[in-house]
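Notes follow once the structure below has been shown.
To find a chain, count down the sequence lines: A is the first, B the second, and so on, and within it residues start at 1.
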Protein chains: 4
Amino acid sequence: MIEINSKSSTPIYEQIINEIKECILKGILKPGDKLPSVRELSTMITANPNTVAKAYKELERSKTIEVIRGKGTFVAENYTPSPTDDKLEELKELMKKIVIEAHYMGLDKNYLSNLLNDIYNEF
Amino acid sequence: MIEINSKSSTPIYEQIINEIKECILKGILKPGDKLPSVRELSTMITANPNTVAKAYKELERSKTIEVIRGKGTFVAENYTPSPTDDKLEELKELMKKIVIEAHYMGLDKNYLSNLLNDIYNEF
Amino acid sequence: MIEINSKSSTPIYEQIINEIKECILKGILKPGDKLPSVRELSTMITANPNTVAKAYKELERSKTIEVIRGKGTFVAENYTPSPTDDKLEELKELMKKIVIEAHYMGLDKNYLSNLLNDIYNEF
Amino acid sequence: MIEINSKSSTPIYEQIINEIKECILKGILKPGDKLPSVRELSTMITANPNTVAKAYKELERSKTIEVIRGKGTFVAENYTPSPTDDKLEELKELMKKIVIEAHYMGLDKNYLSNLLNDIYNEF
DNA sequence: GTGGTCTAGACCACA
DNA sequence: GTGGTCTAGACCACA
């Protein structure tokens, strides 16, 4: 379910975060579902436990998952924080970067519009 | 023209790359235009010459700018490499990340569509 | 294994690149083999870590080696990019230069043919 | 006759040297022929006079051309110095580099043999 | 322990 | 004056 590319330039802990968030969005993981323990997941994907722990910490901080002492880690109830200006700015910067990169590959607005649609259809 | 945010998590050399590419896209910098020398730009943005040199080197590698020995650095003629599968995959991953982040802030597809439009209008 | 000639006019980082590629060709280094870390190699050849890092970076760019985050640097699986026109032109220019230089030392075509054979036999 | 690529990574003064040597090899320039003056050549190829002067100096040092005071610069009588060990080693290194680069583009010994032949046929 | 980023500063080749 | 190479050394993210 969760696949890590150890050669990718995105850090493993970030890949874990992204994949888990994707699973939740796709409904593969639902609110209340139990996540594998840090040890379990780290052996599943042959990663360092510290790395998995870091990913879980970050997911907990963003209220995506919840740790219940002695019971384990669970997908949190749907929680959508109101977007801060910082976060919005960050999002815009990312989109800007995509537009610039796309342009430098000869891809136009239409291409990106379609890409956006495709991704939403995947979910 | 080029502004660096030293608090940002994106490395300075990458910020330089992005800003220059943006200037070219907006037409502020045109093919053949001379860029400030490594030393000039480094004092302008109070960064180390090596950092600026690194950014220029990368821009040269991607054929965005050209170095003429002993004369300086210039914006290259428009050059759009055919997009490789790797690059397209990277673009898709980036867009996916945006969609996920947006969703977790309670922003929907419409919001991102508009954001995309806005950015294109800026250029 | 890797020997640097500090008096040579070819930059140290380039010598490192050449020597590593040679080792791979000769089979001294095989795909998947771990390379010495940047720090290790830099002390081995008494060069600055930055210089070694530069060589490794370039080798990574050409997909000769791969970096696995936090684990180290490894020889990549055999990868032969289709030769671009630019690269072929460069190769031809280099060979032309050899022919001219050889001529000016009184060496003829036969000598270069034999030299070419000898080098292939070394590998 | 002499064409300079100001964007090439080989220095202009070296390009001049190579082109002149090539002309001599091809017989376009014969022993005793007068070369354009430093000023003439520098305006012809729109280069800095210092750059042309440097090329001429080097050609003079290698006895490829001769300066006769007050008369000008001339192609020297055929002169083939006995190859020094240093020079031979350099030649071998260059050829080695070609072999390695060629290998990394998937080109074999045959390709290089043919390339060598082609270049000799050009002359 | 691994590589990545950045600074400060020297020296050099080139035009 | 231009960029390229290299050293020395700090600090950081990642695993």
base_contact_polar (dG3(F) base, Arg39(B) side chain, donor-acceptor, <3.5 Å):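 Under the 3.5 Å cut-off, the side chain and the base do form a donor-acceptor pair.
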
Quiz item: Asn50(B) side-chain donor-acceptor pair to dG9(E) base, under 3.5 Å: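 Yes, a donor-acceptor pair under 3.5 Å.
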
Side chain Glu101(D), main chain Leu91(C), donor-acceptor under 3.5 Å: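 Such a contact is absent between Glu101(D) side chain and Leu91(C) backbone.
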
May I have the distance from [X] (atom [atom1]) to [N] (atom [atom2]), rounded to whole angstrom?
X: Lys34(B); N: dA15(E); atom1: NZ; atom2: P; value: 15 Å
X: Ile45(A); N: dA15(F); atom1: CD1; atom2: P; value: 10 Å
X: Leu41(B); N: dT7(E); atom1: CG; atom2: P; value: 12 Å
X: Lys57(D); N: dA15(E); atom1: NZ; atom2: P; value: 16 Å
X: Glu58(D); N: dC14(E); atom1: CD; atom2: C1'; value: 13 Å
X: Glu60(B); N: dG4(F); atom1: CD; atom2: C1'; value: 11 Å
X: Ile4(D); N: dC14(E); atom1: CD1; atom2: P; value: 14 Å
X: Lys7(A); N: dT2(E); atom1: NZ; atom2: P; value: 19 Å

Please tell me if [X] has a side-chain N or O lying less than 4.0 Å from either OP1 or OP2 of [N].
X: Ser37(B); N: dT2(F); result: yes
X: Thr73(C); N: dT2(E); result: no
X: Tyr13(B); N: dT5(E); result: yes
X: Lys54(D); N: dA15(E); result: no

For [X], report the nucleic acid contact type (base, sugar-phosphate, nothing); a contact means any heavy atom under 4.0 Å.
X: Gln15(A); value: nothing
X: Ile68(B); value: nothing
X: Asn48(A); value: sugar-phosphate
X: Glu14(C); value: nothing

Identified pairing partner of dC14(E), criterion: Watson-Crick or G-U wobble below 3.5 Å: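 The answer is dG1(F), by the H-bond criterion.
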
Residue Val38(B), side-chain atoms from C-beta onward, closest of dA15(E), dG3(E), dG3(F):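 Looking only at heavy atoms from C-beta outward on Val38(B), the closest nucleotide is dG3(F).
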
Nearest-neighbour nucleotide for the Tyr56(C) side chain, dG3(F), dA15(F), dG3(E) considered: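 In terms of side-chain proximity for Tyr56(C), the closest of dG3(F), dA15(F), dG3(E) is dG3(E).
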
Intermediate values then yes/no, side chain to side chain contact (heavy atoms under 4.5 Å, CB included), Leu35(A) and Asp33(A): CA-CA 6 Å; Leu35(A) 290 171; Asp33(A) 280 1; over 6 Å; no

Closest-nucleotide 5' rank along DNA chain F - winner of Thr10(C) and Thr51(A):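 Residue closer to the 5' terminus by nearest nucleotide: Thr10(C).
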
Is there a side-chain contact between [X] and [Y] in this structure, where contact means two heavy atoms from C-beta onward sitting under 4.5 Å apart?
X: Ile100(A); Y: Asn18(B); result: no
X: Thr73(C); Y: Leu59(C); result: no
X: Lys57(D); Y: Lys54(D); result: no

Given DNA chain E, 5'-ward residue of the pair Ala47(D) and Lys71(C), judged by closest heavy atom: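 Taking each residue's closest nucleotide, the earlier one in sequence belongs to Lys71(C).
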
Ion pair Glu14(D)/Lys97(C), N-O distance below 4.0 Å: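 The answer is yes: the pair qualifies as a salt bridge.
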
